[in-house]
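Read through the structure below, which is laid out as structure tokens, and then see the notes.
Each ligand, and each atom within it, is numbered from 1 in the order the structure gives. Everything numeric in this text was worked out from a predicted model, so none of it was measured.
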Amino acid sequence: MGSTSKPCLPIIDYSKAKTDRLAVAKELVDALEHGGFAYIDNVDCFEPWELLKRAEWFFSKPDAWKRKVGTKNYNPDPNCKNVYRGFFAANPVGNSYKEGFEFGAELPLDDPVMTRTLLYEHVTWPEEDPDRPNFFREYLQNYQKKMAAVCKDILHMIALGLGLEETAFDCLIEKPLSTMRMLRYPVRTGPHPEAAVGSDGKKLHCDEHTDSDLLTLVAAFNFPGLQIQKDDENIAMTEWLTVDCRPNSLIMNIGECLSRMTGGRLKATRHRVLDLGVQRISMPFFMEPSYDADISKVFVGDKSHGDKWITDPTCTTYGLWSLKRYKAKSNTEYAGTDLY
Ligand SMILES: O=C(O)CCC(=O)C(=O)O
Ligand SMILES: [Fe+2]
């Protein structure tokens, strides 16, 4: 991006969150009411090159090594119990072509909610190199804790910007089901499948979708390909806008849950990743509500405006709704697991 060209997304300076909280809150809400995406600059715990080193290390390992930490669809160990968190391999005929390693905050094994759902499951961490025993797990678990704190702070400012109590959304994230997703989109070696073609005929690496969560922060480094479809009366809904690389910024968007709970006032924007014939690595952090969070609550605006996201009124908790949503979308990485 040239220094004189207008950035394609609003840029929000997170370093002002302490000193100029209301101004940042208004910028966040303005971005989410219009395009639904923004760059978040100056998050001091975000060290993109340290993060990318860990992702490149993991993805450079042989397939058999990665599968040892796979979910049971991808893991040769018959005793593997993981269905949701862990490694998943790329599916060359699916609507997305990506491999990944997913993990989240770990609840104690004796937490009562652990007996009712698999979604909080613990992952098996990969074997570290003997000369750097704290390289991967320790760094990433710390990073996920820091991203959870940044997301909570941003959610507080969004509440403030909407004229609510800062802590209004805290009831949704007592035991968040948040997910850290380390992703690699490989270069395809076979034919491009029909399933991975966009609404405008473009070849895709990741299908067109909206996120399901509250808030997403993506590290995309220097890898191009992300596009968004703005819900803006000045732009035709069919137009795809390219998100320029800005490696030191996090890319923020919100998911269907927050859009619904703000009466559709904040936008869950459709996005996708083009297949440009090159590898892409990215790391989204999804801040998700607790399994038992009541997502039928509407905090601002008119309930009906956000209703397009929740078609089944009987699924009022995030856990049950997201299980139903995975099923309806037949997410390839979870296909055939006990989640269905
Ligand atoms: O790779 C990216 O930048 C986007 C990934 C994404 O949208 C997702 O996993 O939900
Ligand atoms: Fe997404």
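Remark: the E99 side chain and the Y74 side chain contain no N/O donor-acceptor pair separated by less than 3.5 Å. No side-chain donor from either of N82 and T71 sits under 3.5 Å from a side-chain acceptor of the other.
With a 4.0 Å heavy-atom cut-off, ligand 1 is reached by no atom of I251. With a 4.0 Å cut-off on non-hydrogen atoms, L183 touches ligand 1 through its side chain and not its backbone.
Distance from atom 10 (O) of ligand 1 to its nearest protein heavy atom, with residue and atom name: H209 NE2, 3.0 Å. Among all protein heavy atoms, the one lying closest to atom 3 (O) of ligand 1 is R280 NH2, 2.5 Å. Ranking protein heavy atoms by distance to atom 4 (C) of ligand 1, first place goes to Y185 OH, 3.8 Å.
Taking a cut-off of under 4.0 Å to the non-hydrogen atoms of S282, the atoms of ligand 1 that pass are 1 (O), 2 (C), 3 (O). Below 4.0 Å from some heavy atom of H271 lie the following atoms of ligand 1, by number and element: 7 (O).
Sorting the N, O or S atoms of H271 by how far they are from the Fe ion (ligand 2) puts NE2 first. For D211, the N/O/S atom at the shortest distance from the Fe ion (ligand 2) is named OD1.
Counting heavy atoms from C-beta outward, P10 and E27 have side chains that stay 4.5 Å or more apart. In this structure, the side chains of F169 and L214 stay at 4.5 Å or more apart for every pair of heavy atoms.
A ring pair (Phe, Tyr, Trp, His ring centres under 6.0 Å) with F58 is found for one member of F135, F103, F101, Y139 and no other, namely F101.
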Practice task
List the steps and the verdict of salt bridge (charged side-chain N to carboxylate O under 4.0 Å, His left out) for D153 and K18.
Solution key: CA-CA 10 Å; D153 192 41; K18 285 202 176 71; over 6 Å; no
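Between E121 and R85 there is no salt bridge, since no side-chain nitrogen of the basic residue lies less than 4.0 Å from a carboxylate oxygen of the acidic one.
The Fe ion (ligand 2) has no N, O or S atom of C206 under 2.8 Å away, backbone or side chain.
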